[in-house]
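Here's the structure we're looking at; comments come further down.
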Amino acid sequence: MSASDSKPQTINLEDMPLQQLQKIKAQLESEINGLTTAFTQIKQAQAAFRECKECISSLTPESQDKTVLIPLSNSLYVPGKLSNIKSVVVDVGTGYYVEKSTDDASAYYESKIDYVQENSKKIQETAEQKQASYRGLLEIMQYKLTQQQQQQQQQSGPNNATATRK
Amino acid sequence: MSKQQREKLEVETMAFQKLQKEYSTLIETRQKLESQLQENELVDKEFKLLKDDARVYKLIGPVLVQQDKPEAVANVDKRLEFIRGEMKRVEQRVEQLAKEQEKKSVEIFKLQMDIQAISQA
């Protein structure tokens with residue numbers, strides 16, 4: 001919907017009244033804000049996947065039978081032993097977990113990182129586009145404002161002259 | 001005459017606002033459904049890559065319970081179906097509401113014009 005709307009808008013932006021321009025400006029601002037929060041969220045998700053991948057790579061053959069402390073709560077730990085370092089259980093979403101070999105899990109996180117990367121690129125592109133149109137809009141608004149001021153000055157000055165011209 | 005129309009205008013405006021409210025909640029629902037659909041599609045894709053004897057667990061409360069892969073796949077498929085159906089329903093309602101909104105706004109505009117004409121006369 002917005003794609004078809006933006007075309008005629010850009011053509012006659014200059015003919016639009018300031019009030020309407022202000023509305024478009026507010027809309028663009030909220031869109032840019034939304035995109036920025038989406039971007040930070042996606043970056044966080046990517047960091048989380050990276051961390052998972054690093055955790056898997058820390059499961060080397062040497063860690064077999066190593067003692068670890070397992071958190072039962074935030075402050076209570078019990079000692080345990082790593083008995084299985086060949087497979088991990090991966091959260092694939094919507095409450096489902098899948099047991100995977102460490103290699104498979106690593107590949108899984110790699111593909112997730114790529115997937116998120118692609119999306120973040122898309123978001124960045126649209127954010128840049130929006131920002132460009134936002135700047136253009138600001139310019140037009142500035143131009144209109146000065147024009148209006150000039151008109152007001154002219155009207156308050158030679159008032160009779162404009163009246164007779166009409 | 002004028003008072004009657006003013007009252008009518010008020011009623012129509014209220015109805016219009018109600019429509020707008022429903023419209024925005026519907027848009028929200030649609031967004032939620034869309035993100036759910038995406039998440040389920042990702043899970044579905046992941047399941048397709050798995051071997052049939054892969055061990056799948058389902059999170060029930062804080063406990064991971066093992067589930068047969070075919071059962072999990074069937075579950076996700078059913079969920080996808082449900083979400084898609086729901087999306088279609090919401091989509092239709094959105095369209096309907098958009099039309100109603102347009103109609104109402106035209107009506108309100110007409111009423112405003114009428115009132116203006118009367119007050120000027």
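Note on naming: letters A, B, ... go to the chains in the order of the sequence lines (proteins, then strands), and numbering restarts at 1 for each one.
- Of the atoms belonging to B:Gln66, not a single heavy atom falls under 4.5 Å from chain A.
- When the salt bridge (Lys or Arg N to Asp or Glu O under 4.0 Å) test is applied to A:Asp104, no partner is found at least two apart in sequence or on another chain.
- Within a 6.0 Å sphere centred on CD of B:Glu71, heavy atoms belonging to other residues, nucleotides or ligands number more than 12.
- Heavy atoms of A:Val89 lying under 4.5 Å from chain B belong exclusively to its side chain.
- Contact detail for A:Val92 and B:Val43: the closest heavy-atom pair is O-CG2, 3.1 Å.
- Applying the 6.0 Å contact sphere to NZ of B:Lys8 captures no more than 12 heavy atoms from other residues, nucleotides or ligands.
- In the displayed structure, B:Gln96 atom CD is contacted under 6.0 Å by more than 12 heavy atoms of other residues, nucleotides or ligands.
- Residues of residues 49-57 of chain B having a heavy atom under 4.5 Å from any heavy atom of chain A, listed by number: B:Leu50, B:Arg55, B:Val56, B:Tyr57.
- Cluster membership for A:Leu59 and A:Val68, using ILVMFWY side-chain heavy atoms within less than 4.5 angstrom, is shared.
- Within a 6.0 Å radius of CD in B:Gln20, more than 12 heavy atoms belonging to other residues, nucleotides or ligands are found.
- Rounded to the nearest 0.5 Å, atoms OG1 (A:Thr94) and CG (B:Leu42) are 9.5 Å apart.
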Show me, pair by pair, the donor-acceptor contacts under 3.5 angstrom made by side chains of residues 73-84 of chain B, not counting sequence neighbours?
unit_1  : atom_1 : unit_2  : atom_2 : d
B:Asn75 : ND2    : A:Tyr96 : OH     : 3.4
B:Arg79 : NH1    : B:Asn40 : OD1    : 3.3
B:Arg84 : NH2    : B:Glu41 : OE2    : 3.1

Start with the C-alpha distance between B:Glu46 and A:Lys112, add both sets of side-chain angles, then the distance that settles salt bridge (charged side-chain N to carboxylate O under 4.0 Å, His left out), and finish with yes or no. CA-CA 11 Å; B:Glu46 194 52 38; A:Lys112 278 276 166 195; over 6 Å; no
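- The side-chain hydrogen bond (donor to acceptor under 3.5 Å, both in side chains) analysis of residues 46-64 of chain A, with sequence neighbours excluded, yields the pairs A:Lys43-A:Gln46, A:Gln46-A:Gln117, A:Lys53-A:Glu110.
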